[in-house]
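These figures come from a predicted structure and were not determined experimentally. Computed from heavy atoms alone, side chains included, the values below leave out hydrogens, waters and symmetry copies.
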Amino acid sequence: MSAAFGEPVATYRGSTDPDAPLVVLLHGRGSDEQQIAALADHLPQQLAYAAVRAPIAEGGGYAWFANRGIGRPVASSLAETTAWFRAWLDAEHAGRDVLLVGFSGGAAFAGGLLLAEPARWAGAAILLGTLPFDAGVPTGPGRLSGVPVLVAQGDADTVIPRELLDRTWTYLHDESGATLTAHRDPGGHGISAGTLAVLTAWLTATAREH
């Protein structure tokens, strides 16, 4: 475990079957694991859920990385926190199928994990956030070939810069090679009923394949 950060804090929901796929819920900047854990109550209960607290204290909550502006991680910080996260996962859940679900800043962190090691994950959901472009992880053509990815965006989202949302949307559709499910609705920077329904269906279908 990185000496720069404390021991991980996680809360669990859903199935207690150790063979059930594990969905790791990654909260937004300034939030915490308890807030994102509430999402699990509305998701398929045959899956196991772990909501993890980000390691950097910020704004009364926690953050996954230092940034250069909204949606723009500092590469060295992202590398340090992803190493910390992977150490926790290897220690607590080695050999398990893992799906990542990230919201806002957690979406950028999930994207960093995904792009760094595409084969490691059963799938990733990028909700109301951007992939971490220009942050030390590969974003070349075909990088996510065959990996199940869900991207969900709101047309009225004014929190994440529109250029980053559009770049994420275009990359996932046209360059990444991901097995992509995409959802857009008129909403803002929050998980709408439509996004929740799409996420539920995506988790059910993706977990069934593993």
Side-chain angles (χ1 to χ4, degrees), residues 12-15 17 19-28 31 33 35-52 64 85 89 93 96-132 139 142-155 157 160 164-210:
Y12 292 86
R13 299 283 193 278
S15 175
D17 181 352
D19 294 325
L22 180 67
V23 179
V24 179
L25 302 172
L26 303 167
H27 62 77
S31 183
E33 77 286 357
Q35 291 189 16
I36 195 75
L39 182 64
D41 296 336
H42 306 282
L43 297 172
Q45 293 303 293
Q46 71 270 27
L47 304 179
Y49 297 89
V52 184
W64 291 106
F85 177 88
L89 193 65
H93 303 289
R96 199 165 185 179
D97 287 335
V98 176
L99 296 102
L100 303 169
V101 174
F103 169 74
S104 190
F109 187 67
L113 292 165
L114 177 67
L115 287 161
E117 295 182 286
R120 180 167 185 158
W121 315 105
I126 309 300
L127 308 180
L128 287 300
T130 177
L131 293 173
T139 55
R143 179 65 181 169
L144 304 179
S145 181
V147 181
V149 176
L150 167 64
V151 60
Q153 296 185 358
D155 288 336
D157 189 345
I160 306 300
L164 293 178
L165 292 173
D166 290 346
R167 187 175 177 185
T168 295
W169 188 268
T170 298
Y171 173 76
L172 288 174
H173 275 85
D174 298 342
E175 299 178 50
S176 72
T179 300
L180 186 64
T181 301
H183 173 74
R184 294 186 86 126
D185 61 37
H189 193 68
I191 297 175
S192 66
T195 294
L196 183 60
V198 171
L199 175 61
T200 296
W202 180 82
L203 285 171
T204 300
T206 304
R208 191 180 296 130
E209 297 172 0
H210 287 269

task = Please assess Ile126 against Gln153 for the test side-chain contact (heavy atoms from CB on, under 4.5 Å), listing each intermediate value before the final yes or no.
result = CA-CA 9 Å; Ile126 309 300; Gln153 296 185 358; over 6 Å; no
N/O donor to acceptor pairs below 3.5 angstrom from side-chain atoms of residues 174-182, sequence neighbours left out:
residue, atom, partner, partner atom, Å
Ser176, OG, Leu172, O, 3.0
Ser176, OG, Ala178, N, 3.1

Would you say that Phe109 contacts Ser104 through its side chain, given a criterion of any heavy-atom pair below 4.5 Å between the two side chains? no
- Message: Any heavy-atom pair between the side chains of Val101 and Leu127 that's under 4.5 Å?
- Response: yes
Taking every heavy atom of Ala50 against every heavy atom of Tyr12, the minimum-distance pair comes out as CB-CE2, 3.5 Å
Closest heavy-atom pair, Ala152 versus Thr195, reported as atoms and distance to 0.1 Å, is CB-CG2, 3.8 Å
task = Taking the side chain as every heavy atom from C-beta outward, state whether Asp155 and Arg184 have any atom pair closer than 4.5 Å.
result = yes
In terms of heavy-atom contacts, His42 and Ala38 come closest through CD2-O, 3.5 Å
Residues Gly188 and Leu128: closest non-hydrogen pair is O-CD1, 3.4 Å
**Study point:** Leu43 side chain near Val23 side chain, heavy-atom distance below 4.5 Å
**Key:** no
Under 4.5 Å between any side-chain heavy atoms of Arg13 and Asp41, yes or no? yes
Indicate yes or no: at least one non-hydrogen side-chain atom of Asp97 is less than 4.5 angstrom from one of Leu99. no
Note: His189 and Ile160 closest approach over all heavy atoms is CE1-CG1, 3.6 Å
Between the CG atom in Leu114 and the CH2 atom in Trp121, the distance rounded to the nearest 0.5 Å is 9.0 Å
So CG of Leu22 and CG of Asp17: to nearest 0.5 Å the spacing works out to 11.5 Å
Taking every heavy atom of Gly129 against every heavy atom of Thr168, the minimum-distance pair comes out as O-CG2, 4.2 Å
Do Leu196 and Leu39 touch side chain to side chain, with heavy atoms closer than 4.5 Å? yes
Output for pair (Thr130 OG1, Asp166 CG), nearest 0.5 Å, gives 10.0 Å
Next on the checklist: Are the side chains of Leu164 and Leu131 in contact, using a 4.5 Å heavy-atom criterion?
Outcome noted: no
- Give the ring-plane orientation class for Trp64 versus Phe85, where under 30° counts as parallel, over 60° as perpendicular and anything between as tilted. perpendicular
